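Everything quoted here is computed from the prediction, not taken from an experiment. What's counted below: heavy atoms across the whole structure, side chains too, no hydrogens, waters or symmetry copies. In this chain, numbering begins with 1 at the start of the sequence shown.
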Amino acid sequence: TRGDPVLECMCGNVLCGRTDSKLPFFTEAGSFWTNSTTELLASGGEKGSQGRLRDRCNGEGYESVALIPLRADDAMVGLLQINDHRRGQFTPEMIRFFEGLSASIGIAFARRRGEAVLAASEETIRHLFNNAEVGMFRCRLDGSESLDMNDKCLAILGRTRGDVIGKPSSVLWADPKKREAMVETVKAKGRVDGWECSFLRKNGSIVECIASMRLSPEQGILEGSAMDISALKRAEAKIRMFSHQLIAVREQERRRVSAGLHHDLGSLTVGISAGLDAVVGDIQCGKTQEAVRMLKRTRKLFDQSVSRLKKTAIGLRPPELDVVGLNGALRRHFAQVAEARNIHIHFRDSVGRRRVPPAMATIVFRIIQEAVTNAVRHGRAKNVDVRLSAAKGKLLLVVRNDGIVFRKPVGNRKGLSHMGLRMMEEMATFAGGAFKITHGRAKGATVQVRLPFGTAVPGGDKGKKR
């Protein structure tokens, strides 16, 4: 029932070790032999539990039969069977010779089987090596030869096996000093982990990698793995650049708010102070009517100061987003811009009653605010069309204008003239979306932003009740 063979004949006795050297047809080495199967069957000796002999060999005319076990490291690996139709073909010396021969055959058989298992293991390892998701390699520590690389490593380097195998590995390093430092470290510690290095691709470009390597000191061979982190490096550089731009924008905004407070509110405050001084002088002189008129003018200046403070506060954080929501905040903002700039803004919102999360609402408001500001201030547009819609898990916002063409720079970006475009793109990317701007041939521009709708914005709405 377990799949084990049922060996009831003499072959089974020998293979299973069921032999007794006290019986004349067994040897101390566990072999069976007879010079006459007819006489053995007639004697009845085979009827014992260890002497069971089926009449098949005898029925086929074999008289001399020898069964020699094949062993390797005390394990049974097979059976050597020698038959002859003639009687009296074996002697004890001949059986001992066959037993010695069987030992060699058993060792050879076990070695052959071991080689087959080893070959299968090597094939499995080679498959894992070639299909690994990280680059893997073997080379000489002195850099004189690349011994092996898997497909991923070759792809990272942009090379073929013929380009690298059997050729110096040191020439693949973009920075020889970095390689020298790696060699010294691996000699001292036997391995390196998380080593950042640069390699030369076949087309001459440089690929940034992080590698871990282990030294086999007896052979002087370096074995390791490498991952391409070029995209990560570019992302880190982009983050650093964006951080610098954020600092510049923040300082620019601070200067703008400071200038507004100083020039506008400062002059109004001086006017209020002067007015109050005049009121005091008129009252002291008994000029009641003049004092009342001055108080009214001073009250008007005070109201103007409060109005400008409100505008400054709204510019920093529109309270309408928290009070009337995204749609209402946008409509109020458009009304203010249209009145102040004498332009027409057409707004269509097909999102309906679907709720836009607060963090995403802030991003959408800021992007649209910046797009409209760019259209009016830099494009000198007279008509702006804003459309907000949602479909297939995406929030789509489109801002079109009929102003002059302003293009995103591709070269030096040190100035802040195009910072608005950059900020819109970075805000969209931060929210997991995509930013696109297109221009008309003669005039006009269209800003399109797609944002994931229904997913959390990184770092947004933490701790807020929903």
Side-chain angles (χ1 to χ4, degrees), residues 1-132 138 147-148 216 218-219 221 223:
T1 59
R2 296 175 304 168
D4 297 331
V6 179
L7 302 174
E8 296 182 348
C9 63
M10 190 58 68
C11 294
N13 287 334
V14 174
L15 286 172
C16 296
R18 296 191 297 263
T19 62
D20 186 354
S21 59
K22 294 179 181 179
L23 297 175
F25 38 79
F26 288 127
T27 69
E28 292 183 357
S31 300
F32 165 84
W33 70 287
T34 179
N35 277 322
S36 176
T37 57
T38 300
E39 292 181 2
L40 183 62
L41 287 170
S43 68
E46 81 284 1
K47 294 181 181 180
S49 62
Q50 292 177 315
R52 186 179 298 111
L53 178 67
R54 294 184 353 188
D55 60 356
R56 179 175 179 179
C57 292
N58 181 263
E60 293 182 359
Y62 293 114
E63 289 292 340
S64 297
V65 175
L67 304 175
I68 315 297
L70 301 178
R71 294 188 179 91
D73 298 327
D74 296 328
M76 188 72 69
V77 296
L79 184 70
L80 176 63
Q81 182 171 355
I82 307 170
N83 297 340
D84 197 300
H85 291 97
R86 298 168 297 175
R87 293 187 179 189
Q89 296 302 304
F90 301 126
T91 64
E93 293 76 12
M94 187 180 296
I95 296 301
R96 284 193 291 271
F97 171 77
F98 286 140
E99 288 176 339
L101 181 62
S102 70
S104 299
I105 295 175
I107 293 173
F109 180 80
R111 179 179 298 173
R112 182 70 176 272
R113 186 169 60 181
E115 289 173 350
V117 173
L118 180 60
S121 299
E122 289 178 347
E123 181 64 23
T124 299
I125 294 172
R126 170 58 61 178
H127 177 77
L128 294 174
F129 177 80
N130 282 331
N131 291 279
R138 296 178 72 246
L147 301 174
D148 201 0
S216 176
E218 299 83 7
Q219 301 174 326
I221 292 176
E223 299 173 334

How far does CD1 of Ile221 sit from CD of Glu223, to the nearest 0.5 angstrom?
7.0 Å
Can you give me the closest heavy-atom contact between Phe109 and Val77, atom names plus distance?
CE2-O, 3.6 Å
Do Asn58 and Thr38 pass the side-chain hydrogen bond (donor to acceptor under 3.5 Å, both in side chains) test, and can you show the C-alpha distance, the side-chain angles, and the key distance before you say yes or no?
CA-CA 7 Å; Asn58 181 263; Thr38 300; 2.9 Å; yes
Would you give the length of the straight line joining atom OG1 of Thr19 to atom CG of Leu67, rounded to the nearest 0.5 angstrom?
11.5 Å
Taking side chain as C-beta onward, heavy atoms only, is Ile107 less than 4.5 Å from Arg71?
no
Minimum heavy-atom separation for Ile95 to Ala66, with atom names?
CD1-CB, 4.0 Å
Heavy-atom donor-acceptor pair, Asp84 side chain to Gln89 backbone, under 3.5 Å
no
Interatomic distance, Trp33 atom CH2 to Ile68 atom CD1 [nearest 0.5 angstrom]:
10.0 Å
Could you walk me through whether Cys11 and Leu79 pass the side chain to side chain contact (heavy atoms under 4.5 Å, CB included) check?
CA-CA 8 Å; Cys11 294; Leu79 184 70; 3.9 Å; yes
Rounded to the nearest 0.5 Å, how far does CZ of Phe26 lie from CZ of Arg18?
9.5 Å
So, the side chain of Ser36 versus the backbone of Arg87: is there a donor-acceptor pair under 3.5 Å, distance only?
no
Between Glu63 (side chain) and His85 (backbone), is there a donor-acceptor pair under 3.5 Å?
no
Looking at OG1 of Thr34 and CE of Met10, how far apart are the two atoms once the value is rounded to the nearest 0.5 Å?
9.5 Å
Thr37 (side chain) donor-acceptor with Tyr62 (main chain) under 3.5 angstrom:
yes
Would you find a donor on one side and an acceptor on the other, under 3.5 Å apart, between the side chain of Asn35 and the backbone of Phe90?
yes
In this structure, are over 12 heavy atoms from other groups packed under 6.0 Å from Arg111 atom CZ?
no
Would you kindly say whether Glu99 and Ser31 are connected by a side-chain donor-acceptor distance under 3.5 Å?
yes
State plainly whether the residues Glu93 and Arg96 are in salt-bridge range, i.e. N to O under 4.0 Å.
yes
Residues Lys22, Asp20: salt bridge by 4.0 Å N-O rule
no
What's the separation between atom CG in Leu23 and atom CZ in Phe32, rounded to the nearest 0.5 Å?
10.5 Å
Mind listing the closest non-hydrogen atom pair of Ala29 and Pro69 along with its distance?
O-CG, 3.8 Å
